[in-house]
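Following: one structure in structure tokens, then a few remarks.
Both backbone and side-chain heavy atoms feed into the values below; hydrogens, waters and symmetry mates do not.
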Amino acid sequence: MQTTESGDSQAAARPGRRAVLAGALALAGATLVPDAPAGAQPPSGIDCRGARFVAVPSDVRQVRFRINGAWADPVAVRAAQHGRDDRRAALSEPLAVPAGAEEISAGNGAVGLFGPPLAQPFRAPVTTSYAWGFPVVTRSGWGVDESLMTWGAPEFAPAQLITVHHSAIPDGTEYSDYRDAVHEIFRYHALPAPDGQGWGDIGYHLVIDPNGVIYAGRSTGTATEPADASPIFEPGSTLTRGARIITAGHVVGANTGNIGICMIGDFTHHLPSKPALHSLDIVLARLCTGLELDPFTQVQYTNPVNGNTATMPAISGHRDWQAIAGPTECPGDFVHGALPLLRGLTEVG
């Protein structure tokens, strides 16, 4: 979700490390929230039982969890570095809820809790699009609630390049059905604060789960006319050079013309599964071939909406955009390190 897209979103501020943490935060322009006195109750506690991950207002720097009746050490919070170009993040990057956690305290801030009802298991074929040469489970196929899609009128622009992400949190292991992870990412991106970032829709064009199933992300239509059969591209398009894509919300400041693909998982310490990498390879090969993108070329990217420019690989990782979007570890060290190999496979087709 890099929906979270952070590598370790639960670095603890332990005794003895406080001065180091305070100095690091100061360099980042932030301040350390004082701990509650020993044995004291934090200012507020919100029931987080049943939640799989949480997000807090963007100005909150740390939270605490009550686990088995005791308040644990503070947990640092990371700022979100993805989203719409015209709307800054309202919430932090997601934080995983520790096992046994009963309450969370974010000072006096509101808390977004994510843990929707589980999707029904796959028992029959779901609606799938084959428009671009690879199977994509459509939004109706994974069961999106289009009434929550409030992005506004769709905006399209010629595709310029592709950016790869990882979700980090959720990483998919929380669910028996990976569609639940897609639902969680959608809610985290789409719902208004404090229940979500308030972007009105999922920020990625495609999401790939560990089984290699590819899901449609950002809507190419409206809540009343979803355009289910045409993920990524403007309805009625053909996959050719200059084909127009829907503007999404995965790299702040550089979304127009930028295709965002998210791998479900945290790939800081390991590679994605073979099925997931195979699907990513197929998607990259089909898109690059159709759009006539040389996967090894450097693209002179220009955002026609806000004027941002950058020289970027045709297939980049989220962290490559730090000069525009800010610091992030997405898509994880192992996926980012695999991008040269993926570019080579894409060139071969």
Side-chain angles (χ1 to χ4, degrees), residues 1-7 82 122 128-137 141-142 159 161-182 184-185 202-218 231-232 239 248 250-251 258-291 293-297 312-321 328-349:
M1 336 171 356
Q2 153 155 27
T3 286
T4 12
E5 299 181 356
S6 64
H82 59 288
F122 285 109
T128 303
S129 169
Y130 295 86
W132 315 125
F134 48 85
V136 180
V137 175
W142 58 262
L161 37 60
I162 301 167
T163 301
V164 178
H165 302 257
H166 72 168
S167 64
I169 300 173
D171 67 8
T173 60
E174 306 92 338
Y175 314 103
S176 59
D177 189 323
Y178 290 123
R179 284 179 297 170
D180 292 316
V182 181
E184 295 273 48
I185 296 168
I202 191 169
Y204 306 113
H205 291 91
L206 296 175
V207 179
I208 300 176
D209 77 16
N211 286 331
V213 178
I214 307 164
Y215 303 85
R218 172 84 172 94
I232 309 174
L239 184 51
H250 58 101
V251 176
N258 189 350
I259 298 174
I261 303 170
C262 179
M263 310 283 285
I264 294 177
D266 182 347
F267 304 116
T268 305
H269 303 297
H270 62 85
L271 282 167
S273 66
K274 289 182 180 179
L277 285 171
H278 180 63
S279 290
L280 178 61
D281 174 34
I282 291 173
V283 169
L284 294 175
R286 297 293 187 272
L287 292 178
C288 285
T289 299
L291 295 170
L293 279 176
D294 180 345
F296 284 104
T297 196
M312 299 295 296
I315 300 172
S316 65
H318 188 182
R319 66 175 62 177
D320 297 322
W321 293 92
T328 178
E329 298 174 10
C330 180
D333 291 346
F334 276 72
V335 168
H336 194 263
L339 288 180
L341 174 61
L342 287 165
R343 293 183 189 114
L345 293 173
T346 298
E347 185 176 51
V348 172

What are the two closest non-hydrogen atoms of T128 and P135, and how far apart are they? CG2-CB, 3.9 Å

Going by heavy atoms in the side chains, are E174 and D180 under 4.5 Å from each other? no

With rounding to the nearest 0.5 angstrom, report the OH to CD1 distance, Y178 to I264. 8.0 Å

So, taking the atom named CG in L287 and the one named OG1 in T346, what distance separates them when rounded to the nearest 0.5 Å? 9.5 Å

Any side-chain heavy atom of V335 within less than 4.5 Å of one from V164? yes

Using side chain to side chain contact (heavy atoms under 4.5 Å, CB included), reason through S316 and N258 one step at a time and then give a plain yes or no. CA-CA 10 Å; S316 65; N258 189 350; 5.6 Å; no

In this structure, CG of D177 is separated from CG of D209 (nearest 0.5 Å) by 8.5 Å

Nearest 0.5 Å, please: how far is CD1 in I185 from CD1 in I169? 11.0 Å

Any idea how Y204 and H250 line up, ring-wise: parallel (<30°), tilted (30 to 60°), or perpendicular (>60°)? tilted

Contact check, side chains of L161 and P313, non-hydrogen atoms, under 4.5 Å: no

Which atoms form the tightest heavy-atom contact between T268 and F334, and what is the distance? O-CD1, 3.4 Å

Is any side-chain heavy atom of L206 closer than 4.5 Å to one of I259? no

Under a 3.5 Å distance rule, please check whether R343 uses its side chain to pair with a backbone N or O of I315 as donor and acceptor. yes

Separation of I214 CD1 from S129 OG (nearest 0.5 Å): 10.5 Å

Side chains of L284 and I261, heavy atoms from C-beta outward: is any pair under 4.5 Å? yes

Donor-acceptor pair, distance only, cut-off 3.5 Å: does the side chain of H205 make one with the backbone of G260? yes

Side-chain H-bond candidate by donor/acceptor type, H166 with D171, under 3.5 Å: no

Quick check: are there more than 12 heavy atoms from other residues, nucleotides or ligands sitting under 6.0 Å from NE2 of H278? no

Distance from Y215 atom OH to S279 atom OG, nearest 0.5 Å? 10.5 Å

Can you see which heavy atom on A216 is nearest to which on W142, and at what distance? O-NE1, 2.8 Å

Check: H165 and V251 side chains under 4.5 Å, non-hydrogen atoms: yes

Show the nearest heavy-atom pair for residues P275 and P210, with the distance to one decimal. CB-O, 3.8 Å

Is any side-chain heavy atom of M263 closer than 4.5 Å to one of L271? no

For R319 versus D333, what's the shortest heavy-atom pair and its separation? NH2-OD1, 2.9 Å

My understanding is that only one of I208, V207, V137 makes a side chain to side chain contact (heavy atoms under 4.5 Å, CB included) with V213; could you say which? V137

D281/K274 salt bridge by N-O under 4.0 Å criterion: no

Write down the atom of G337, the atom of P340, and the distance for their closest heavy-atom approach. O-CD, 3.4 Å

